[in-house]
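Below, chains carry the letters A, B, ... as their sequence lines are ordered, and counting in each starts from 1.
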Amino acid sequence: MANVYVEEIARYSGQTVTLRGWLYQKRSSGKLQFLQVRDGTGTIQCVVERSLVGEEFFALADRLTQESAIMVTGTVQEDKRSPLGFELHVTDLQLVHEALDYPISPKEHGTGFLMERRHLWLRSSRQHAILRVRHQLIRAIRDFFDSAGFTLLDAPIFTPAACEGTTTLFQTDYFGQPAFLTQSGQLYLEAGAFAFGKVYCFGPTFRAEKSKTRRHLTEFWMVEPEVAYLDLAGDMDLAEDFLESIVQNVIEHRGAELKFLERDLTLLERVRKPFPRISYQEALDLLQAKGKEISWGQDFGGDEETLISENFDRPVLIHRYPAQCKAFYMKNDPADPRLALCLDVLAPEGYGEVIGGGQREDDLETLEKKIADHGLPREAFEWYLDLRKYGSVPHAGFGLGLERTVAWICGLPHVRETIPFPRLLDRLKP
RNA sequence: UCCCCGGUAGCUCAGUCGGUAGAGCGGGUGGCUGUUAACCACUUGGUCGCUGGUUCGAGUCCGGCCCGGGGAGCCA
């Protein structure tokens with residue numbers, strides 16, 4: 001008997017096959033029982049008829065509890081009543097393991113309760129859909145850079161010092177020395193860009209900020225490309241191509257999951273270049289026209305980001321923020337040194353900043369001064385300064401936050417469901 | 001760190017003016033040959049977050065603490 005998966009069931013129409021999975025839900029109607037069986041690739045309704053399987057198997061099916069592991073053998077039949085299009089008419093049933101008192105019932109639960117049981121919550125169809133979108137997005141990101149000639153260059157996770165100095169880092173004891181968990185692969189990627197031309201890294205990032213909002217995790221995944229001989233204009237082109245490509249890729253390959261999540265796909269289909277590009281000054285004018293009290297030099301918070309993105313039907317690129325808002329490694333605009341050659345991309349619908357990046361400072365003396373001005377320990381940055389001594393060229397890149405992007409694509413109100421095991425300010429378990 | 005909201009059955013919640021602790025779901029038992037969060041009947045189920053106070057009497061009012069959720073700052 002062939003062992004098959006639910007996602008390939010259509011190929012076995014009319015044949016007798018065996019599914020190996022778990023009981024998701026059960027309904028009975030006298031002499032009939034309907035078992036919803038999931039196997040990780042999908043869920044199918046298995047029909048147990050007393051006259052077909054006999055008393056023994058029918059009684060077994062009647063006793064089955066939610067999430068018990070079972071092997072079901074039966075005939076695949078096309079059925080218009082099934083959302084999948086097929087049902088399995090059971091001829092044989094085996095209990096592999098009986099699950100007693102599964103804590104997550106098919107009815108409503110709060111996110112706190114479910115998060116405590118995240119290891120089990122992953123089995124539910126909604127989480128399944130979200131995490132399959134996440135997987136596809138990761139594939140799309142890798143495909144984009146791999147097919148554009150980028151080399152994957154992993155940045156270290158243990159680092160000797162802060163990349164940006166402004167945010168709080170997780171400190172660990174590294175054989176008696178302090179070491180920090182990375183908050184960005186950026187500086188290492190600059191070394192990579194001068195070695196390989198076009199590089200990207202894709203890994204976990206850690207921020208010990210005490211942020212309690214729907215947009216923050218303490219551990220999240222970030223993809224960061226970095227390219228030699230690229231200026232801000234080129235960086236904006238890259239960000240635009242990249243974002244269009246990955247969003248359209250996910251729509252194409254995970255449309256069913258997005259529909260299950262009741263995502264309005266027309267909003268995502270509009271993510272086509274060109275994206276609007278406005279300067280910080282223009283964004284500021286826009287905010288002030290809307291009555292927001294904000295003055296030049298202030299960074300935008302969540303409210304401001306939402307107000308700006310409301311004006312556009314697709315992601316909006318904001319460039320040239322005041323240098324004081326940005327990290328030390330950003331290059332200043334030669335046309336107006338008060339400004340940094342940086343870019344942020346705000347997702348529509350109030351999802352906020354999904355990309356941040358810009359052109360890097362490539363002049364040795366200027367960079368030395370910036371490190372000093374930010375009060376950073378020079379010793380930790382000697383290797384970084386070396387990059388400006390030996391063949392320094394203009395270069396640029398950006399970082400995209402994976403979980404915020406998944407939340408936006410799926411239309412979720414909170415990032416915590418976009419990662420299998422979220423790490424939040426007050427949550428380290430499971 | 002600050003501000004706001006919450007904690008009552010396994011889960012989601014209601015509980016009026018301070019006066020005997022409630023519903024739906026889940027679990028259990030029975031019924032039903034096409035159910036889609038199935039339905040119907042019966043049934044099970046409580047340290048009202050903890051602690052101190054006010055009161056004849058506190059889930060309800062007051063103080064302190066603990067835990068959870070949302071937001072601010074900061075950021076992706």
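Positionally, the nearest nucleotide of RNA chain B for A:S51 lies more toward the 5' end than for the other of A:R27 and A:S51. Heavy-atom distances to RNA chain B give each of A:Q66 and A:H414 a nearest nucleotide, and the one nearer the 5′ end belongs to A:Q66.
By the 4.0 Å N-to-carboxylate-O rule, A:R50 lies close enough to A:E55 to be salt-bridged with it.
No donor-acceptor contact under 3.5 angstrom links the side chains of A:S125 and A:H128, judged on distance only. Using a 3.5 Å distance cut-off with no hydrogens or angles, the side chains of A:Y384 and A:E190 do pair a donor with an acceptor. Side-chain atoms of A:Q186 and A:R360 include a donor-acceptor pair closer than 3.5 Å. A:T73 and A:T18 share a donor-acceptor pair across their side chains, judged by distance under 3.5 Å alone.
In this structure, A:Q45 reaches the bases: a heavy-atom distance under 4.0 Å links it to at least one base atom across the strands shown. Here A:G110 lies in heavy-atom contact (under 4.0 Å) with sugar-phosphate atoms only.
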Under 3.5 Å, N/O pairs linking protein and nucleotides 30-32 of chain B:
| residue | atom | partner | partner atom | Å |
| --- | --- | --- | --- | --- |
| B:C32 | N3 | A:G30 | N | 3.3 |

Could you run down the sub-3.5 Å N/O contacts of the protein with nucleotides 1-10 of chain B?
| residue | atom | partner | partner atom | Å |
| --- | --- | --- | --- | --- |
| B:U1 | O4 | A:K210 | O | 3.4 |

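When the C1' atom is used for both B:C17 and B:C61, the distance is 12 Å, rounded to whole Å. Taking atom C1' on both B:C5 and B:U44, the two are 34 Å apart, rounded to the nearest angstrom. If you take atom P in B:C66 and the same atom in B:C50, they sit 15 Å apart, rounded to whole Å. Atom P of B:C56 sits at a distance of 26 Å from the matching atom of B:G22, rounded to the whole Å. Spacing of P atoms, B:G24 relative to B:C42, comes out at 10 Å, to the nearest Å.
Partner A:W121 forms a side chain to side chain contact (heavy atoms under 4.5 Å, CB included) with one of A:M115, A:E116, A:R126 and no other, that one being A:M115.
When distances run from any side-chain atom of A:R207 to the nucleotides B:A76, B:U33, B:G70, the shortest one goes to B:A76. Here B:G34 is the nucleotide among B:G34, B:C75, B:G69 with the atom lying nearest to any side-chain atom of A:V47. Comparing B:G34, B:G70, B:A37 by their nearest atom to the side chain of A:R81 picks out B:G34. Proximity note for A:R215 (side chain, C-beta onward) versus B:U35, B:A76, B:C75: the nearest is B:C75. If you check B:U33, B:G70, B:A72 against the side chain of A:T213, the one that comes closest is B:A72.
A donor N or O paired with an acceptor N or O is not found under 3.5 Å between the base of B:U35 and the side-chain atoms of A:Q33. With hydrogens and angles ignored, no donor-acceptor pair under 3.5 angstrom links the side chain of A:E49 to the base of B:G34. A donor N or O paired with an acceptor N or O is found under 3.5 Å between the base of B:C75 and the side-chain atoms of A:H216.
Within residues 301-310 of chain A, no residue has any heavy atom under 4.0 Å from RNA chain B.
Side-chain nitrogen and oxygen atoms of A:R63 include none within less than 4.0 Å of the OP1 or OP2 phosphate oxygen of B:U29.
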Pair up each side-chain donor or acceptor in residues 132-141 of chain A with any protein partner under 3.5 Å, not counting sequence neighbours, and list the distances.
| residue | atom | partner | partner atom | Å |
| --- | --- | --- | --- | --- |
| A:R134 | NH1 | A:E403 | OE2 | 2.9 |
| A:R134 | NH1 | A:T418 | O | 2.9 |
| A:R134 | NH2 | A:E403 | OE2 | 3.4 |
| A:Q136 | NE2 | A:N249 | OD1 | 2.9 |

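With sequence neighbours excluded, the residues that form a side chain to side chain contact (heavy atoms under 4.5 Å, CB included) with A:K370 are A:F328, A:N332, A:E361, A:T366.
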Worksheet item: Under the side chain to side chain donor-acceptor pair (under 3.5 Å) criterion, do A:E87 and A:Q77 qualify, and how do the steps go?
Response: CA-CA 5 Å; A:E87 290 184 338; A:Q77 283 187 19; over 6 Å; no
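Aromatic stacking is not marked for A:F34 over B:G34, as the cut-offs of 5.5 Å for the centres and 30° for the planes do not both hold.
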Worksheet entry | Dot-bracket encoding of pairs in RNA chain B, which uses [ ] for pseudoknotted crossings and | for another strand, Watson-Crick or G-U under 3.5 angstrom | (((((((..((((.....[..))))((((((.......))))))....(((((..]....))))))))))))....
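The distance between atom CG of A:L428 and atom P of B:C67, rounded to the nearest whole Å, is 15 Å.
Taking the six-membered ring where the residue is Trp, the centroids of A:H395 and A:F194 are separated by under 6.0 Å.
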